[in-house]
Amino acid sequence: MKISSVHKFILFLSVAYYVGFVSFFERLAKGGGKGGGFESAAAGNIINQLVGILLLGLCLFILYRQLNNYIKQHFLENWPWFILLGILACSVLWSYSPSISFRRLIAFMTLVVVAYYLAITYSPKSLFNFLANAILLAIFVGLVYEVATGKSLAIGLGDRSSAFRGIIPDKNAAARIYAYGLIVFVAISDKFTKFHYIKIIVFLLALSLSQSASAIIMAIMGIAIITLIRISRGSGKQQSFNRLAMLIILSVIGIGLLSVIYEYLLGLMGRDASLTDRTVIWQLLEQSLEDEYWYGFGFGAFWASDASSGFLEGWKFIGNAHSGYIETRLNAGMLGLSALFLLLISFFHKSLQLFFNTNTSKISALFISILVVQTITNYVGYVILNHNSFDMFLFTVCYFSATSLTTQLRMNEMRNI
């Protein structure tokens, strides 16, 4: 098989895996399309485990064969990942459930390796275009499935039982994927034809059927950031810097105003101020967070061990803290949370470098948008560092794509000296 064919095979398989097609068709083969949530569906059966191992093996083999100075330079550029992965790997040693932490680590490393491989193999435009189209296909297949199985669907935010999940069994995960699809599609589109508007309508239909206020807010926020970033681009670096600084100041003011009218806005959307009892969950986890303040309970070990017994006495099993930052503390304590913030700062720095370069300023809007949207969403959902979710897959692909572009810019500058 030609290496180009292998590249395409890995692209199709990895996107099918992380968007949810593999899990969906595996569940259909067993006679049902329901599951216990995206996280369990993506790692809790032998088919998904075999696909993950196949992807990891293929990517590592090709990366080893193509190891050169360019990839070595990438290793230096991605040092925050080595710190984060090192901490998560070490957490296996002090984990309350070492076997769970080890399996979680392998799944997470698979995601990171696959995302890195895709980012250095394909151009950002082609890669993100493929992702957007894959999400569109997932929406179409999901609609056909929901209609064929007699599922009732409704537009709005009032009836959660009628939420459009499609091929993803978890309501919130499905809604976020639809939001990401719209954000990515808008960001990579150079011009809008009738066909483009049809695709946008499909994304909007999926979002309106998802019964998810948070996903709708994500989509609005993401598109607004893309628009504002593009407007901020000036004729020179100084003008671009001034406009971007003004945008950041206005954004901070806007966030402050939103926090003041927070409960009022939630009321308009039919949501309670406790974020569907999330604040209650976080309060119940406070003692556990203090018990293992610096190192946590091990990657994924808290919910799979007796460590969660105190929480279960006051609440039912929920599988994650419904906050990526709290879940990171459960996994690796303040040490892991510090590594996560280091990764976010690194991503923002790379995105800014691309913003101030004329050739890459447009794609930087996508990176900044995904970074901001996920950083905020991670407060109320397990998004970043969710070891096999599409959220984390998209985050990681964006990060490594930004790294690839900044490395190319630096190497070009060195050649011109």
Side-chain angles (χ1 to χ4, degrees), residues 78 80-81 83-84 87-88 108 111-112 115 128 172-173 175-177 179-184 186-187 212-229 232 244-245 247-259 262 275 278-279 282 320-332 334-355 363-387 389-403 406:
N78 294 314
W81 280 101
I83 294 176
L84 177 63
I87 292 173
L88 295 179
F108 187 67
L111 183 149
V112 173
F128 290 114
N172 293 324
R176 290 197 302 269
I177 289 177
Y180 291 137
L182 180 58
I183 293 170
V184 171
V186 170
S212 174
S214 59
I216 293 173
I217 292 174
M218 282 173 59
I220 294 173
M221 186 190 312
I223 294 173
I225 291 171
I226 291 170
T227 304
L228 291 173
I229 290 294
S232 299
L244 185 63
L247 173 61
I248 292 174
I249 293 172
L250 292 176
S251 298
V252 171
I253 295 174
I255 291 173
L257 291 175
L258 285 175
S259 64
Y262 166 75
L275 297 170
R278 280 175 172 80
T279 55
W282 300 337
N320 69 74
H322 293 285
S323 170
Y325 300 113
I326 293 179
E327 191 67 22
T328 299
R329 288 188 61 188
L330 290 173
N331 288 332
M334 289 302 295
L335 198 64
L337 187 63
S338 299
L340 172 58
F341 285 142
L342 189 65
L343 187 69
L344 296 177
I345 293 170
S346 172
F347 190 5
F348 184 62
H349 178 252
K350 293 176 188 295
S351 299
L352 284 183
Q353 286 182 285
L354 298 175
F355 171 76
I363 194 65
S364 71
L366 171 61
F367 299 150
I368 294 173
S369 175
I370 293 298
L371 173 61
V372 173
V373 167
Q374 289 200 342
T375 300
I376 294 174
T377 305
N378 199 49
Y379 176 70
V380 294
Y382 188 21
V383 174
I384 304 176
L385 299 194
N386 190 345
H387 66 289
S389 69
F390 182 80
D391 306 87
M392 192 61 199
F393 177 68
L394 179 60
F395 175 93
T396 312
V397 169
C398 286
Y399 183 100
F400 287 134
S401 293
T403 298
T406 53

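Please read all numbers here as calculations on a predicted model, not as lab measurements.
- Distance alone, capped at 3.5 Å, places no donor-acceptor pair between the Ser346 side chain and the Leu342 backbone.
- The aromatic rings of Trp81 and Tyr399 sit perpendicular to each other, their planes meeting at more than 60°, with 30° as the lower class boundary.
- For the atom pair CD1 of Ile384 and OG1 of Thr375, the computed distance is 4.5 Å after rounding to the nearest 0.5 Å.
- Counting all heavy atoms, side chain and backbone alike, Ile183 lies closest to Ile223 at CG1-N, 4.5 Å.
- Here the shortest heavy-atom pairing between Ile229 and Phe355 reads O-CE1, 3.5 Å.
- In this structure, Leu247 and Leu244 have side chains that are in contact, with non-hydrogen atoms separated by less than 4.5 Å.
- Side-chain N or O atoms of Arg278 include one that pairs as donor or acceptor with a backbone N or O of Val380 at under 3.5 Å.
- Checked by atom type and distance alone, the side chain of Ser369 pairs as donor or acceptor with a backbone atom of Gly222 at under 3.5 Å.
- Distance check, rounded to the nearest 0.5 Å: OG1 of Thr377 to CZ of Arg176 gives 8.0 Å.
- In this structure a side-chain-to-backbone donor-acceptor pair under 3.5 Å is present from Asn378 to Val383.
- At a threshold of 4.5 Å between non-hydrogen side-chain atoms, the residues Phe400 and Val112 count as touching.
- The shortest distance between side-chain heavy atoms of Phe395 and Leu344 falls below 4.5 Å.
- The line from CZ of Phe367 to OG1 of Thr403 is 9.0 Å long, rounded to the nearest 0.5 Å.
- Gly336 and Leu84 make their closest contact through O-CD1, 4.4 Å (heavy atoms, listed as atom of the first residue, atom of the second, distance).
- Tyr325 has its ring centre no less than 6.0 Å from the ring centre of Trp282.
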**Study point:** side-chain contact (heavy atoms from CB on, under 4.5 Å) assessment of Val372 paired with Phe348
**Key:** CA-CA 9 Å; Val372 173; Phe348 184 62; 5.8 Å; no

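- Rounding to the nearest 0.5 angstrom, the gap separating the CG atom in Leu343 from the CG atom in Leu385 is 7.5 Å.
- Here the shortest heavy-atom pairing between Ala321 and Leu330 reads CB-CD1, 4.2 Å.
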Exercise for review: Determine, step by step, whether Asp391 and Tyr382 satisfy the side chain to side chain donor-acceptor pair (under 3.5 Å) criterion, reporting the C-alpha distance in whole Å, the side-chain angles of both residues, the deciding distance to 0.1 Å, and the verdict.
Suggested key: CA-CA 9 Å; Asp391 306 87; Tyr382 188 21; over 6 Å; no

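- Looking at every heavy atom in both residues, Tyr180 comes nearest to Met218 through CE2-CE, 3.5 Å.
- A search for side chain to side chain donor-acceptor pair (under 3.5 Å) contacts involving Ser214 returns Ser212, not counting sequence neighbours.
- Note: Leu337 CG to Glu327 CD = 12.0 Å, rounded to the nearest 0.5 Å.
- Of the inter-residue distances, the one linking Ile345 atom CD1 with Phe341 atom CZ reads 8.5 Å to the nearest 0.5 angstrom.
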